[in-house]
J.: 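Quick one: the structure is below, and I'll ask about it shortly.
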2 protein chains.
Amino acid sequence: MATEPTWSVGQLAQEFGISTRSIRFYEEKGLIKPARSNGGYRRYNKRDRARLKLILRGKRFGLSLEQCADILGLAAMEPDEAQQLRKALAYGQDIQADLERRLNDLKAMKREMQAVEKRMRERLAQLEGREPDAGKRAE
Amino acid sequence: MATEPTWSVGQLAQEFGISTRSIRFYEEKGLIKPARSNGGYRRYNKRDRARLKLILRGKRFGLSLEQCADILGLAAMEPDEAQQLRKALAYGQDIQADLERRLNDLKAMKREMQAVEKRMRERLAQLEGREPDAGKRAE
DNA sequence: ATTAACGTTAACGTTAGCGTTAAAGTAGCA
DNA sequence: TGCTACTTTAACGCTAACGTTAACGTTAAT
């Protein structure tokens with residue numbers, strides 16, 4: 001007879017390392033809608049928890065809450081019509097294309113950082129290997 | 001005798017699809033410092049242009065301007081001391097670790113989106129393949 | 001020399017994403 | 001039953017990253 005497990009704001013906040021204010025803010029913006037206890041306390045179930053997780057992951061790589069909301073909308077949708085489904089699919093592909101672009105940016109960024117690192121390492125080796133007044137190259 | 005090519009704010013703004021206000025804002029925050037014409041107009045050279053590019057790429061995947069500034073600082077630094085170099089290296093590695101985390105988040109996100117897409121496609125196939133009153137599953 | 005297109009600074013306005021505080025109610029344990 | 005920790009709504013505050021407007025100077029082409 002085990003009832004579904006639920007959590008309070010505070011518990012989720014602690015678990016995910018964010019403030020209760022943030023979680024309530026996501027609700028203000030329509031991203032989560034937890035049930036309420038008799039006294040009016042928010043009670044989050046597994047699905048609510050999963051949504052929160054998705055939001056946080058989205059935010060971690062720069063999605064706005066609005067974009068997160070869109071994705072949540074897709075994930076939660078109860079499709080009654082093929083039309084709607086097709087629209088959602090198209091939108092989902094836009095998002096995936098965006099993800100692809102971001103992934104490429106990320107990779108480019110990594111390459112640049114590695115190049116910078118290499119230059120720094122070389123220069124450091126020079127300094128430590130003693131080349132007192134050596135390198136004064138114009139770039 | 002070809003002088004270095006330079007650009008105006010407007011030209012760069014158009015090229016990169018952003019507002020001139022944004023570019024000037026980056027300057028306010030110390031991210032770029034273009035030369036000036038006699039009349040006081042900003043003239044951007046190749047290096048300025050490259051910096052702007054890096055900023056935009058950084059922003060595209062969620063870096064703050066401050067973080068972009070840090071990276072630009074690393075890239076542009078003229079290291080006089082091994083100490084400084086080592087600090088910069090350590091910082092650069094922090095950034096790379098962060099990039100790594102973001103990359104993983106991104107991949108997870110892609111997987112989820114693909115799962116959503118798959119579910120939608122299946123449902124769509126059902127609808128189009130005619131199963132009039134078939135599926136009414138509680139989740 | 002005029003003029004349209006572009007640029008300048010300065011200042012205020014706006015949106016997202018929370019932080020913070022206040023004033024009050026609730027949960028649950030001794 | 002009382003205590004303490006947690007929760008509620010409401011409202012104000014704050015920073016980043018620009019948008020917008022005003023009032024005015026510069027360029028470049030005709």
Side-chain angles (χ1 to χ4, degrees), chain A residues 3-45 48-49 51-73 98 105, chain B residues 3 5-45 48-49 51-73 98 102 105:
Chain A
T3 345
E4 264 203 90
T6 64
W7 298 264
S8 68
V9 251
Q11 287 171 332
L12 286 188
Q14 177 151 29
E15 176 175 354
F16 291 113
I18 59 179
S19 69
T20 60
R21 177 68 175 94
S22 295
I23 299 181
R24 292 196 196 97
F25 182 76
Y26 302 153
E27 186 176 345
E28 281 179 38
K29 294 294 164 176
L31 293 156
I32 321 180
K33 292 176 201 302
R36 297 297 183 122
S37 75
N38 287 341
Y41 278 28
R42 291 171 176 82
R43 298 310 311 188
Y44 297 84
N45 63 21
D48 298 323
R49 206 163 147 285
R51 289 172 77 88
L52 183 52
K53 238 180 189 165
L54 203 156
I55 295 169
L56 295 180
R57 183 159 45 228
K59 282 189 53 60
R60 243 173 296 153
F61 67 92
L63 289 192
S64 69
L65 285 187
E66 211 183 330
Q67 288 173 302
C68 290
D70 288 339
I71 293 178
L72 284 172
D98 188 51
D105 279 347
Chain B
T3 344
T6 64
W7 297 266
S8 69
V9 251
Q11 287 171 332
L12 286 187
Q14 177 151 30
E15 177 176 352
F16 292 111
I18 59 179
S19 69
T20 60
R21 177 69 176 94
S22 296
I23 298 181
R24 293 196 195 98
F25 182 76
Y26 303 153
E27 186 176 346
E28 282 179 37
K29 294 294 163 177
L31 293 156
I32 321 180
K33 293 177 201 301
R36 298 296 184 121
S37 75
N38 287 340
Y41 279 26
R42 291 172 176 82
R43 298 310 312 187
Y44 298 84
N45 62 22
D48 298 323
R49 205 161 147 285
R51 289 174 76 88
L52 183 53
K53 238 180 188 165
L54 201 156
I55 295 169
L56 295 180
R57 184 158 47 225
K59 283 189 54 60
R60 244 174 296 152
F61 67 92
L63 290 192
S64 69
L65 285 187
E66 211 182 329
Q67 288 174 301
C68 290
D70 287 341
I71 293 178
L72 284 172
D98 187 50
R102 286 166 184 277
D105 278 345

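The chains referred to below are lettered A, B, ... by the order of the sequence lines, with proteins before strands, and numbering in each begins at 1. Just so you know, these numbers come straight off a predicted model, no measurement behind them.
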J.: Provide the closest heavy-atom pair for A/Phe16 versus A/Lys53 in the form atom of the first, atom of the second, distance.
T.: CE2-CG, 3.8 Å
J.: When the distance from OH of A/Tyr44 to C1' of D/dT7 is rounded to whole Å, what number comes out?
T.: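 From A/Tyr44 OH to D/dT7 C1': 11 Å.
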J.: Nearest 0.5 Å, what's the CG-CG distance between A/Leu65 and A/Asp70?
T.: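 One gets 11.0 Å once the value is rounded to the nearest 0.5 Å.
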J.: Whole angstroms only, please: what is the CD-P distance between B/Gln11 and C/dC6?
T.: 10 Å
J.: Taking atom CD of B/Gln11 as the centre, report whether more than 12 heavy atoms of other residues, nucleotides or ligands fall under 6.0 Å from it.
T.: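 More than 12 heavy atoms, drawn from other residues, nucleotides or ligands, come within 6.0 Å of this atom.
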J.: Between B/Arg42 and C/dT9, does any side-chain N or O lie under 4.0 Å from OP1 or OP2?
T.: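 It does, given that an N or O in the side chain of B/Arg42 lies less than 4.0 Å from OP1 or OP2 of C/dT9.
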J.: What's the shortest heavy-atom distance between A/Cys68 and A/Lys59, and which atoms?
T.: SG-N, 4.2 Å
J.: Hey, could you give me the CG/OH distance between B/Asp48 and B/Tyr26, rounded to the nearest 0.5 Å?
T.: 15.0 Å
J.: Return no unless some side-chain N or O of A/Ser8 is found under 4.0 Å from OP1 or OP2 of D/dT7.
T.: yes
J.: May I have the distance from A/Asp70 (atom CG) to C/dA16 (atom P), rounded to whole angstrom?
T.: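 Interatomic distance, CG of A/Asp70 to P of C/dA16: 13 Å.
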J.: Which residues, if any, of residues 28-35 of chain B bring a heavy atom under 4.0 Å of DNA chain C?
T.: none
J.: Separation of A/Arg24 atom CZ from D/dA11 atom P, in whole Å?
T.: 16 Å
J.: Can you establish whether the number of heavy atoms outside A/Glu15 located under 6.0 Å from its atom CD is more than 12?
T.: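 Check passes, neighbour count above 12.
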J.: Given 3.5 Å as the limit, does a donor-acceptor pair link the side chain of B/Gln67 with the main chain of B/Ser64, or not?
T.: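 Yes; judged by distance alone, with no hydrogens or angles, the pair exists.
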J.: To the nearest angstrom, how far is B/Ile18 atom CD1 from D/dC18 atom P?
T.: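 One finds 8 Å between P of D/dC18 and CD1 of B/Ile18, rounded.
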J.: Below 4.0 angstrom, N of the basic side chain to O of the carboxylate: do B/Glu27 and B/Arg51 qualify?
T.: no
J.: How long is the line joining CD of A/Gln67 and P of C/dG17, in whole Å?
T.: 9 Å
J.: What does the B/S/- profile of nucleotides 18-30 of chain C look like, 5' to 3', with a 4.0 Å heavy-atom cutoff to protein?
T.: BBB----BBS---
J.: So which heavy atom on A/Ser19 is nearest to which on A/Ala13, and how close?
T.: C-CB, 4.0 Å
